[in-house]
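I have placed the structure first, in the form of structure tokens, so that the comments after it can refer back to it.
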Amino acid sequence: MPLVLSMKESDDFWVEDRQVVITRIESGARFWVRLAGEQKEIEITDTEAKEIMDDVFVSAGDFYKYGAIRIAIEAPQEIEILRGDRYRKRSKSGP
């Protein structure tokens, strides 16, 4: 079962210690993400999941309201995925 997050443009989430940023939103069915440290944007749609990292697949949830989209993230359970705010909060408080 995928993890589904509601996000706006420039929001981020972390896969392990790798940041993923929502860079552009065209609609709930089409937006782009960028992995930290890379120049290339990855187009995400609701037609098929894209593998953005090894064993991490992302697709659009076909939802757009108040500037927010839904992103579905599928990965093995042992891969930690956190919203950007939670990742930063955890990093400040230590392990």
Side-chain angles (χ1 to χ4, degrees):
M1 174 178 278
L3 169 65
V4 178
L5 301 174
S6 291
M7 308 195 88
K8 293 185 175 187
E9 196 167 298
S10 77
D11 282 352
D12 65 333
F13 63 95
W14 291 73
V15 178
E16 299 287 324
D17 286 321
R18 188 88 188 266
Q19 184 185 35
V20 182
V21 179
I22 309 299
T23 55
R24 290 188 289 148
I25 297 174
E26 180 178 292
S27 68
R30 186 174 185 213
F31 54 87
W32 289 261
V33 300
R34 178 180 294 136
L35 279 65
E38 294 187 12
Q39 295 299 315
K40 186 181 96 169
E41 290 182 312
I42 302 167
E43 181 183 8
I44 307 299
T45 66
D46 64 343
T47 56
E48 70 175 306
K50 289 264 178 84
E51 188 173 25
I52 62 167
M53 298 168 62
D54 288 342
D55 294 327
V56 179
F57 293 84
V58 173
S59 61
D62 197 17
F63 172 87
Y64 184 78
K65 190 171 184 178
Y66 306 117
I69 50 95
R70 286 199 181 131
I71 183 168
I73 307 162
E74 293 187 63
Q77 257 189 329
E78 59 270 7
I79 295 177
E80 183 178 46
I81 300 170
L82 293 172
R83 293 181 63 90
D85 56 342
R86 293 202 176 183
Y87 180 88
R88 286 181 284 282
K89 188 178 202 179
R90 184 192 72 172
S91 294
K92 285 181 183 177
S93 64

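One is the number of the first residue; the rest follow in order along the sequence. Here the structure is a predicted model, which is why all the values come from computation and not from measurement. All values below come from the heavy atoms of this structure, side chains included, with hydrogens, waters and symmetry mates left out.
Both Met53 and Phe31 are part of a single hydrophobic cluster, where members link through side-chain heavy atoms under 4.5 Å apart. Linking ILVMFWY side-chain heavy atoms closer than 4.5 Å, directly or via other members, places Leu35 and Ile79 in a single hydrophobic cluster. Hydrophobic clustering of Ile, Leu, Val, Met, Phe, Trp and Tyr side chains at less than 4.5 Å, counting indirect connections, unites Val33 with Leu3.
Listed by chain and number, the residues in a side chain to side chain donor-acceptor pair (under 3.5 Å) with Glu9 amount to none (sequence neighbours excluded). With sequence neighbours excluded, the residues satisfying side chain to side chain donor-acceptor pair (under 3.5 Å) with Tyr87 are Asp17.
When Leu5, Ile44, Ile71 are each tested for a side chain to side chain contact (heavy atoms under 4.5 Å, CB included) with Ile22, only one passes: Ile71.
Here the shortest heavy-atom pairing between Gly28 and Ala60 reads O-CB, 3.3 Å. Here the shortest heavy-atom pairing between Phe57 and Ala49 reads CB-CB, 4.0 Å. Counting all heavy atoms, side chain and backbone alike, Gly67 lies closest to Ile25 at O-CD1, 3.8 Å.
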Report task. Take Trp32 and Glu26 through the side chain to side chain contact (heavy atoms under 4.5 Å, CB included) test and state the conclusion after the steps. Result -> CA-CA 8 Å; Trp32 289 261; Glu26 180 178 292; 3.8 Å; yes

Query raised in the report: Given Arg18 and Glu38, is the side chain to side chain contact (heavy atoms under 4.5 Å, CB included) satisfied, shown in steps?
Result: CA-CA 11 Å; Arg18 188 88 188 266; Glu38 294 187 12; 2.9 Å; yes

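Contact annotation: the side chain of Ile42 never approaches that of Val20 to less than 4.5 Å [non-hydrogen atoms, C-beta and beyond]. Counting only heavy atoms from C-beta outward, the side chains of Asp12 and Arg88 approach each other to under 4.5 Å.
The structure places CZ of Phe63 at 10.0 Å from CD1 of Ile69, a figure rounded to the nearest 0.5 Å. Lys89 contributes atom NZ, which lies 12.5 Å from atom CZ of Arg83 (distance to the nearest 0.5 angstrom). Taking CD from Glu16 and CD1 from Ile81, the interatomic distance works out to 8.5 Å, rounded to the nearest 0.5 Å. With rounding to the nearest 0.5 Å, the separation of CZ in Phe13 from CD in Gln19 is 10.0 Å. The OG1 atom of Thr47 sits 10.0 Å away from the CZ atom of Arg30 when rounded to the nearest 0.5 Å. Atom CE of Met1 sits about 10.0 Å away from atom CD of Glu74, to the nearest 0.5 Å.
Enclosure of atom CZ in Arg86 is not indicated, since only 12 or fewer non-hydrogen atoms of other residues, nucleotides or ligands lie within 6.0 angstrom.
The stretch residues 46-69 participates, sequence neighbours left out, in no salt bridge (charged side-chain N to carboxylate O under 4.0 Å, His left out) pair at all.
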